[in-house]
Amino acid sequence: MVNVMKQSVGEVLKARNQLHPNTVAALAGTRVLDLHRTLDTADTLGATDLTPLASDDPRALPLVRHSTAHVMADAVQRLFPGTRVTIGPAIDSGFYYDFDRRDGRFTDEDLARIEATMREIIAQDLPFQRTERTRAEAREALAAQGETYKLEILDAIPVGEAISFYQHGPWADLCEGPHVPSTRFLQGVKLTSVAGAYWRGDERRPMLQRIYGTAFPTQKALDAHLKQLEEARARDHRKLGKELKLFTFHEWAPASPFFLPRGARVYNGLVSYLRTRYARYGYDEVITPQIFDQALWERSGHWEHYRANMFVAVGTDAVGAKGVVPVNQLFTAEGAEDRAALEAHGAHLHFDQVSGCKAMNCPSHCLLFATEKRSYRDLPLRLADFGRLHRYERSGVLHGLSRVRTFSQDDAHIFCTPEQMDAELSSFFDLRDEVYRALGLDKVELRLATRPTEGSLGTDEDWARAEAILAESVRAKGKTFVLSPGEGAFYGPKLEFHVTDAIGRPWQLGTMQVDFNLPNRFGLEYVGSDNAPHRPVMLHRAVLGSLERFLSVYIEHTAGAFPVWLAPEQVVLVTVADRHLPFAQELAQRLRGHDLRPLVDDSNEKLGAKVRQASLLKPPYIAVVGDKEVEAVGVNLRKGRQDLGFFTTDALVEKLTAEARYPT
RNA sequence: GCUGGCGUAGCUCAACGGUAGAGCAACGGUUUUGUAAACCGUAGGUUGUGGGUUCGAUUCCCGUCGCCAGCUCCA
């Protein structure tokens, strides 16, 4: 034991014959220790249960990446003297380092130079060395280098914690560690992009330049990662949306998709399918207005809590002498001056007639609930609404179909008694599972998003109760969830359903939210069996969430090759020669008679070209008709690159009809 | 919104101070074709938009609109 006291982690492992060529660190419980770290306090560091950590262990990846970030910062300061360093953590996809460079911007050419310098440093096989310093020593060293950001970081380190520097070659950085033993372990390195980022993620603080990169212990692992990125690029729904003629955009309607005929067929197919499930699960669909008096949003709380995301609609009498007034801004404290100025210029603003474009369906569903005197016998009342919503999203967050300003959701609100909540949550779980399975989304993770730290409505007791009910509903189904503290909606906690797509990326789709607030704000009541009034509970729920956003996920999940039941064209009929066209047309007509969606290619092209043309649309099937097929009254069927052989027209109708049914 | 980058034919891209080009798509013709691109021809543009610099601007500068990346990961 006495011997252990002055030994390094590496020496301990070596003595036990556990130090391998690819050992980058040691695990002491969950702590990761540098190999060269001295075990001066063996008891607290847990020297007795050290296990080696191999470079290809996933737990070693953050070390590899963070060490690479150091090498990058070293290279940047060599090439661009005077550039100050800030932070450079390992992240899920690699690492980044934020720099304050005063003399210019990093260009793509700079990235190539930095990467080349990094390779030189890595090739020198420089060991990483940890040294601890006193706060005063650290401050002196950083001040001497003019590293003002590091000084700020130093001041944020709690008193009593060790202050350490990590050095490789001549370059050192204030750093907690741990690191790989030497630069030799950094073999798969690539710088990917440069972007702006605020110091400490705060928009009021200086904008720094962030260089992103990724790193793996081997070139092979890096190559695999780059291939994955390429695959993601190939599946990008914005690219496929254009190539497959699914949707488009126009600058006169920013972030508002136009669904082209092929895309609209998929969109409507999804909605039709969801309607059949709604019928089975006891939902009633309603259709509600787009624009409401401001009073509705004041009542619901959206005017106070959600106005920044709302579009405001005004009648033409609110248009001033200087044109359309940006009314939305005029109702903020900062806008008061503009408002006064506009009024002085003769703008006639009818503040009492301002209307809000709906951003959510819940308030209008509350109005519907209150259209009748409700009995407990009416509950649960499940109101579904595919109504179009508009939300003003900040320009920087817009992205293809996944972040838009107009969309519709597979939205529904369930009004029920407190006693009915368990059954409603359970039924929703079943519906959601059914839909996800139908769409081939098998991997689902649950998260419970709790009360936001500010800006939320309702009492602590209501929130605690709602959160507990959601948590219990998960346990009742034998599932588990992860907590997302503070991520709830302003009116209630959310259960979020995250799915993993075909290439392993997670997406949040469905939600289930308990809301005790809206029923209170709208004074909703039902008459119980005791003949007394009671307040209903309101559940907000969506299976796929925004259909636009879901389509972005689904297009990438399927790479644009939709299943028969959703495909815009289920089979493309191509003929060998013109003389086969009448047969193909007749077959197409027969398929349409069975509610199928065929497409006949009557272009003047050779068969090979037509097959290629059809394949680019990624239909489930391509059917070839030539002399042999006409003779035998059928088609030669092809799925992707696979030849399925001859099918009679009867067999084709039967096969397609079976596959066109909604999955169960 | 902020920082940086990018807007050229329907699509993918050239030209980067000196008359704006290609491939695919479109259109016309020839060909009647057997499983991922037949051949010939025609047409298509105030280079996102407004202004400025210049003898001359797609190219340089400024504004504006749109698109793309990032702005959450903490020595």
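Letters A, B, ... are given to chains in the order of the sequence lines, protein chains preceding strands, and every chain is numbered from 1. Just the heavy atoms: all of them, side chains too, but no hydrogens, waters or symmetry mates, feed the values below.
- Remark: the separation of the C1' atoms in rU59(B) and rG1(B) is 31 Å, to the nearest Å.
- Taking the ring centre of Tyr96(A) as origin, the terminal cationic atom of Arg210(A) falls inside the region bounded by 6.0 Å and 45° from the ring axis.
- Comparing rA38(B), rU35(B), rG34(B) against the side chain of Asn604(A) picks out rA38(B) as the nearest.
- Between the Arg262(A) side chain and the Ala567(A) main chain, no donor and acceptor come within less than 3.5 Å of each other.
- In the set rU33(B), rC73(B), rA37(B), the nucleotide with an atom closest to the side chain of Ala609(A) is rA37(B).
- Nucleotides rG70(B) and rG63(B) are separated by 24 Å at their C1' atoms, to the nearest Å.
- Between Phe80(A) and Phe106(A), the angle of the ring planes goes over 60°, which puts this pair in the perpendicular group of the 30/60° scheme.
- Residue-level contact check: Lys150(A) touches the backbone only, with heavy atoms under 4.0 Å from sugar-phosphate atoms and none from bases.
- Residue-level contact check: Gly396(A) touches the bases, meaning some heavy atom is under 4.0 Å from a base atom.
- Residue contacts for Glu605(A): at a heavy-atom cut-off of 4.0 Å it reaches a base atom on one of the strands shown.
- Within the 4.0 angstrom heavy-atom criterion, only backbone atoms of the sugar-phosphate kind lie near Ala255(A); the bases stay farther away.
- The aromatic ring centres of Tyr97(A) and Phe99(A) sit less than 6.0 Å apart.
- For rG4(B) and rA36(B), the C1' atoms lie 40 Å apart once the distance is rounded to whole Å.
- The aromatic rings of His168(A) and His70(A) sit tilted, their planes meeting at an angle between 30° and 60°.
- Considering only side-chain atoms of Arg638(A), the nucleotide from rU35(B), rA37(B), rC73(B) that sits closest is rU35(B).
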Let me have a per-nucleotide readout for nucleotides 3-14 of chain B, 5' to 3', with B, S or -, counting only protein heavy atoms under 4.0 Å.
BS------SS--
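- A salt bridge is defined here as a Lys NZ or Arg NE, NH1 or NH2 lying under 4.0 Å from an Asp or Glu carboxylate O, and Glu231(A) with Arg235(A) meets this definition.
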Represent RNA chain B in dot-bracket notation, 5' to 3'. Only Watson-Crick or G-U wobble pairs with both distances under 3.5 Å count; pseudoknot-style crossings use [ ] and interstrand partners use |.
(((((((..((((....[..)))).(((((.......))))).....(((((..]....))))))))))))....
